[in-house]
Amino acid sequence: MPDVVFTVDQARSMRDQAVPGHNRWHPDIPPAVTVRPDSTIRVECREWTDGQIGNNDSANDVRDVDLTHAHMLSGPIAIEGAEPGDLLVVDILDLGPVPQETGDKPGQGWGYTGIFAKQNGGGFLTDTFPDAYKAIWDFAGQKATSRHVPGVSYTGITHPGLFGTAPSHELLSRWNARERALIATDPDRVPALALPPLEESTLAGTATGDVAAAIARDGARTVPARENGGNHDIKNFTRGSRVFYPVHVPGALFSGGDLHFSQGDGEITFCGAIEMGGFIDFHVDLIKGGMATYGVTTNPILIPGNVEPQYSEYLTFIGIGVDHTTDTQLYNDATVAYRNACLNAVAYLEKFGYSGPQAYLLLGSAPIEGRVSGVVDIPNACCSLYLPTAIFDDDIRPSASGPVRRDRGSCAVSS
């Protein structure tokens, strides 16, 4: 049994834990615990919104979720002897929902996928789906099923959405400057181009007084991935994975959470994974001076685990870098190409009786493969989305007999 170095009582807010976590990146957040290199540890995690989403048939909670609280991170965990320029070596040994618990918090036998409203975070297809929707997924071993998206069952690739090391003061200042510069190019955009520091709802671990005030004033929001790691949302970051994180501050100050039972490439609904609380077991070690030795100047390096479900047949949807709503040609735009591949998959699944929001929720949470297939054939980037056919109860492959259209009910909608 690994040493439990950060505990979470799922019945209590992260703010009310014996040792609270944090929801901003800042080098002055005090470590919750210090461990030695070559240690095996367990970290317990709260669901990323701190339990704002319920197991019910309304998406009002997704519509009204307060994102100023996100993400709830467990830590920081200091690694004895870690210095700027080292690489922190993290092996994922095990992870999953809250062990042996059922209850009303995500991870206690269930999780959720949400389509966030355009006015509150949005998503990859927010112009097509501007309103809030939700699907609840029940866990049975490695399988997930949903009363809100019937006719599908799949094996999840359980993984953490977010772990990383603390930034240095200099790196934090660079983040804030460049993101504020981006916001200034279109300050009234909905959804916003980026999320600057926000004092409201800041959780600064055990920091108090002037230190806590400085963290609230300057701490970086946790929504995007950055040079320290952060919110990668890489579905193959699972059991057996090894990650090499750059160390920017003494002790490394390793933190994270945002556990996912399953997710498709891109986490396209923004809350596109099956979100949950739970636990994760790590082995941690150091490569002294590893950043310079291996040329790691910006982002972590990942060796994925080898435990993803073995689906053998896919229906693949293709997208190109064209704005089809205005018939405008774009230049090698892989983002638009992948968006079009997703929209093509949604339109196809609608022929089988799924609503657009149900199909969108499915693509965000199921283990779809998203690939950049070509970025050299000007002017069109080409991206592809691989949808496993075996996750469906019905045969969804095209045939002369036509699609099997059924009444699929409804996902949870907002009033």
Side-chain angles (χ1 to χ4, degrees), residues 6 8 12-32 45-53 61-78 116-122 161-231 248-249 251 253-258 270-271 275:
F6 194 96
V8 167
R12 309 170 84 184
S13 166
M14 181 63 92
R15 299 174 182 277
D16 299 327
Q17 301 295 324
V19 178
H22 61 102
N23 62 0
R24 302 291 189 267
W25 289 118
H26 196 284
D28 293 338
I29 298 173
C45 299
R46 183 90 165 144
E47 178 265 336
W48 74 288
T49 72
D50 204 22
Q52 296 183 58
I53 309 301
D61 48 9
V62 170
R63 180 196 64 195
D64 301 331
V65 66
D66 185 351
L67 294 178
T68 65
H69 293 278
H71 293 76
M72 288 294 148
L73 305 186
S74 297
I77 299 161
F116 275 45
K118 185 174 183 177
Q119 300 293 330
N120 191 25
L162 193 167
F163 267 89
T165 53
S168 65
H169 282 282
E170 185 272 336
L171 183 57
L172 177 63
S173 295
R174 283 165 47 203
W175 291 352
N176 288 337
R178 73 191 186 198
E179 290 173 24
R180 285 186 171 114
L182 174 63
I183 293 168
T185 65
D186 189 359
D188 298 321
R189 183 180 183 271
V190 176
L193 287 170
L195 299 173
L198 181 70
E199 295 186 42
E200 179 186 352
S201 303
T202 293
L203 179 59
T206 58
T208 59
D210 291 343
V211 174
I215 293 167
R217 182 182 64 247
D218 300 323
R221 305 285 291 279
T222 59
V223 171
R226 297 187 183 90
E227 288 91 334
N228 68 324
N231 199 21
H248 300 286
V249 298
L253 300 184
F254 181 60
S255 303
D258 188 28
F270 177 56
C271 187
E275 306 285 349

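Keep in mind that this is a model prediction, so the values were computed, not measured. Sequence positions, counted from 1, serve as the residue numbers for this chain. Values below: every heavy atom of this structure, side chains too, minus hydrogens, waters and symmetry copies.
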Shortest non-hydrogen pair, Pro31 vs Ala78, comes out as CB-CB, 3.8 Å
Rounding to 0.5 Å, atoms CD (Glu47) and CG (Asp258) come to a distance of 8.5 Å
Tightest non-hydrogen contact, residues Gly121 and Pro191, listed as O-CB, 3.8 Å
- [ ] Could you tell me whether the side chain of Gln17 and the main chain of Arg12 form a donor-acceptor pair under 3.5 Å?
- [x] yes
Margin query: Between Val190 and Gln119, is there a side-chain heavy-atom distance shorter than 4.5 Å?
Written below: yes
**Asp50 side chain to Ser13 backbone, donor-acceptor under 3.5 Å** = no
Shortest non-hydrogen pair, Arg24 vs Ala70, comes out as NH1-O, 3.8 Å
Do the ring planes of His71 and Trp48 sit parallel (below 30°), tilted (30 to 60°) or perpendicular (above 60°)?
-> tilted
Please answer whether the main-chain N or O of Pro224 pairs with a side-chain N or O of Asn231 as donor and acceptor at a distance below 3.5 Å.
-> no
- Task: Check whether any side-chain heavy atom of Glu275 sits under 4.5 Å from a side-chain heavy atom of Ile53, and report yes or no.
- Result: no
| field | Note, Asn23 side chain near Arg15 side chain (heavy atom, < 4.5 Å) | value | yes
Output for pair (Leu193 CG, Arg180 CZ), nearest 0.5 Å, gives 15.0 Å
(message) Phe270 vs Asn120, test: side chain to side chain contact (heavy atoms under 4.5 Å, CB included). Steps then yes/no.
(response) CA-CA 11 Å; Phe270 177 56; Asn120 191 25; over 6 Å; no
*Check for a donor-acceptor pair, side chain of Thr185 on one end and backbone N or O of Ala181 on the other, with a separation under 3.5 Å.*
no
* Using a 4.5 Å cut-off on heavy atoms from C-beta on, say whether the side chain of Glu179 contacts that of Arg221. => no
When rounded to the nearest 0.5 Å, the distance separating CD1 of Ile183 from CG of Leu195 is 7.0 Å
Smallest heavy-atom separation, Pro76 atom then Ser255 atom, equals CA-OG, 3.1 Å
#### Entry: Val62 side chain reached by Cys271 side chain, heavy atoms, under 4.5 Å
no
Subject >> Check: Asn176 side chain, Pro197 main-chain N or O, donor-acceptor pair, under 3.5 Å >> reply: no
Checklist entry - Does the side chain of Gln52 reach to within under 4.5 Å of the side chain of Asp61, using non-hydrogen atoms? => result no
CE (Met72) and CZ (Arg46) are apart, to the nearest 0.5 Å, by 8.5 Å
OG1 (Thr202) and CZ (Arg217) are apart, to the nearest 0.5 Å, by 11.0 Å
What one should report as the nearest heavy-atom pair of Pro20 and Gly205 is CG-O, 3.5 Å
Closest non-hydrogen contact found for Leu253 with Pro27 is CD1-O, 3.6 Å
The reported gap from CG in Leu172 to CD in Glu170 (rounded to nearest 0.5 angstrom) is 9.5 Å
Does a sphere of radius 6.0 Å around CG in Asp186 hold more than 12 heavy atoms from other residues, nucleotides or ligands, not counting ones at 6.0 Å or beyond? yes
Minimum side-chain heavy-atom gap His22-Thr222 below 4.5 Å: no
Going by heavy atoms in the side chains, are Leu171 and Trp25 under 4.5 Å from each other? no
